[in-house]
Asks: 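The structure follows.
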2 protein chains.
Amino acid sequence: MSLAHVILGLLQQQERTGYDLKTKCFNDCISHLWQADQAQIYRTLDKLESQAWITCTVEIQHDRPNRKVYQITEAGEAELTHWLQTHHPLPMLREPLLVQLYFAAQLPNEAIVYLLEQELEARQEKLAQCEAQCEAIAALSLSNPTASREQKLHRLVLDLVKQREQTHLDWLEKAIRDMHTLRDRNNP
Amino acid sequence: MSLAHVILGLLQQQERTGYDLKTKCFNDCISHLWQADQAQIYRTLDKLESQAWITCTVEIQHDRPNRKVYQITEAGEAELTHWLQTHHPLPMLREPLLVQLYFAAQLPNEAIVYLLEQELEARQEKLAQCEAQCEAIAALSLSNPTASREQKLHRLVLDLVKQREQTHLDWLEKAIRDMHTLRDRNNP
DNA sequence: TGCTAATATATGATTAATCATATATAGGAC
DNA sequence: GTCCTATATATGATTAATCATATATTAGCA
């Protein structure tokens with residue numbers, strides 16, 4: 001149940017509402033590490049509250065719908081600290097593209113190249129997003145030297161995200177080049 | 001529903017039983033691309049059969065429990081060919097370690113290094129498995145030059161899997177080194 | 001006036017994946 | 001004789017994630 005712990009981490013930074021989490025966090029800072037659906041966020045908040053790891057204060061607003069502001073509890077902080085120090089099994093990657101390629105021998109080269117190019121485009125877009133994120137963090141680092149420990153860790157994390165994308169892109173480009181030298185299905 | 005398509009791909013290679021899929025494929029060749037639980041395999045086979053993408057022949061065995069041997073149908077082959085040519089959205093990676101690091105500022109360096117080292121160990125083991133797999137495919141390539149198109153694609157896929165692991169390992173080693181130069185939480 | 005966008009939460013339905021367990025047969029080890 | 005392993009399939013339960021929709025308010029625009 002890692003989403004619960006992501007939310008605990010975010011609530012330890014500061015109190016937030018479900019809406020904040022969705023719009024300010026999961027669409028933003030943490031989005032490269034963990035994506036979460038709005039429905040899942042609200043349901044996870046309910047579960048965290050029922051476990052007493054967070055509490056809720058309703059903030060009445062007159063110009064807008066009321067907000068349910070969540071705060072982490074001591075029990076929640078203890079749980080988070082424990083989780084942060086626990087090793088978790090490596091997650092399984094399931095990439096449709098790799099499966100497609102694995103079974104692609106029956107397709108003509110042209111179709112394979114097309115597939116690789118579409119993937120390349122999607123990955124390039126993702127890397128661009130990721131780099132924008134990185135620069136935002138780098139800018140923060142410079143303007144606020146006191147919080148450097150946290151920011152260094154954030155940069156470390158984003159470094160991997162970026163490198164991972166770059167590895168993928170390099171591989172895709174090489175794969176596309178390789179396809180030109182691969183004898184086609186119909187040309188023995 | 002990609003598992004269904006992985007199974008279609010495997011059944012196009014040759015007819016198989018659910019048990020074959022689990023023990024010969026998902027524990028072996030395809031395991032670095034897609035993992036599947038035994039229960040999910042059998043249920044997916046039922047679903048594929050009800051969609052008429054595969055058919056089933058019961059093979060009576062006297063020394064062992066009977067086997068249900070599945071074959072791909074023409075409709076199944078058409079579906080597979082279509083799926084193989086369709087671009088799918090990039091899968092979301094959710095790596096607990098990255099989340100942990102993102103929120104790790106409150107932990108002492110020692111705890112962070114321990115976390116990284118445990119991850120390193122797990123990744124090293126995975127890379128070793130992966131390299132064994134690669135060598136097996138390379139050996140096949142040499143002994144059977146006629147099937148080279150398929151084998152070249154398989155190598156291409158395994159190349160990425162290996163490079164991805166290597167990127168991860170390099171990053172982990174660098175991260176551990178970096179931790180020694182990071183001012184600790186309790187040492188301002 | 002009606003439409004859209006932003007703010008804010010909630011719930012039903014479904015899919016995908018995992019875990020646990022049940023059943024049945026045969027062969028080999030001790 | 002009993003236990004374990006390999007072969008083989010099936011099902012119940014649960015979790016995690018996604019999709020679709022519902023509801024309610026205010027502000028701004030055409």
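What you see below is based on every heavy atom in this structure, not just the backbone, and it leaves out hydrogens, waters and symmetry mates. Remember, it's a predicted structure, so these values are computed and weren't measured experimentally.
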Asks: Tell me the interatomic distance from B:D37, atom CG, to D:dG12, atom C1', rounded to whole angstroms.
Replies: 13 Å

Asks: Can you measure B:I7 atom CD1 to D:dT9 atom P for me and round it to whole angstrom units?
Replies: 12 Å

Asks: To the nearest Å, how far apart are A:D46 CG and D:dT15 C1'?
Replies: 16 Å

Asks: Measuring from the side chain of A:Q40 (C-beta onward, heavy atoms only), which nucleotide among D:dT9, D:dT18, D:dT25 has the closest atom?
Replies: D:dT18

Asks: On a plain distance test, is the side chain of B:R64 in donor-acceptor contact with the base of C:dG27 below 3.5 Å?
Replies: no

Asks: Nearest to the side chain of A:A39 - C:dT9, D:dA20, D:dA16?
Replies: D:dA20

Asks: Any donor-acceptor pair under 3.5 Å linking the side chain of A:R149 with the backbone of B:A105?
Replies: yes

Asks: Quickly work out the B:R67 CZ to C:dA26 P distance and round it to whole Å.
Replies: 16 Å

Asks: Taking B:T86 for the side chain and B:H82 for the main chain, is one N or O donor matched with an acceptor at less than 3.5 Å?
Replies: yes

Asks: Among D:dA10, C:dT9, D:dA8, which nucleotide sits nearest the side chain of B:Q38?
Replies: D:dA10

Asks: Contact class for B:T17 (heavy atom, under 4.0 Å): base, sugar-phosphate, or nothing?
Replies: sugar-phosphate

Asks: Any side-chain N or O of A:K68 below 4.0 angstrom from OP1/OP2 of C:dA10?
Replies: yes

Asks: Quick one: which of D:dT7, C:dT9, C:dT11 gets closest to the side chain of A:R43?
Replies: C:dT11

Asks: For A:W34 and B:Q61, take the nucleotide of DNA chain D holding the closest heavy atom to each; which residue's nucleotide lies nearer the 5' end?
Replies: B:Q61

Asks: With no hydrogens and no angle check, do the side chains of A:E79 and A:Q51 hold a donor and an acceptor under 3.5 Å apart?
Replies: no

Asks: Which nucleotide sits closest to the side chain of A:Y19: C:dA6, C:dA10, D:dT9?
Replies: C:dA6

Asks: Counting only side-chain N and O atoms of B:Y42, is one of them less than 4.0 Å from OP1 or OP2 of D:dT9?
Replies: yes

Asks: With a 4.0 Å cutoff (strictly under), does any side-chain N or O of A:R94 reach OP1 or OP2 of C:dA16?
Replies: no

Asks: May I have the distance from A:L90 (atom CG) to C:dT18 (atom P), rounded to whole angstrom?
Replies: 14 Å

Asks: What integer distance in Å separates A:K47:NZ from C:dT11:P?
Replies: 15 Å

Asks: Does the pair A:E95/A:R123 count as a salt bridge with the N-to-O cut at 4.0 Å?
Replies: yes

Asks: Could you give the CD1-to-C1' distance, from B:I60 to D:dT9, as a whole number of Å?
Replies: 15 Å

Asks: Quick one: do the A:Q100 and B:Q85 side chains pair a donor with an acceptor below 3.5 Å?
Replies: no

Asks: Could you tell me how far apart B:I41 (CD1) and D:dA8 (C1') are, to the nearest whole angstrom?
Replies: 13 Å

Asks: Measure from the side-chain heavy atoms of B:L3 and tell me the nearest of C:dA17, D:dT25, C:dT9.
Replies: C:dA17

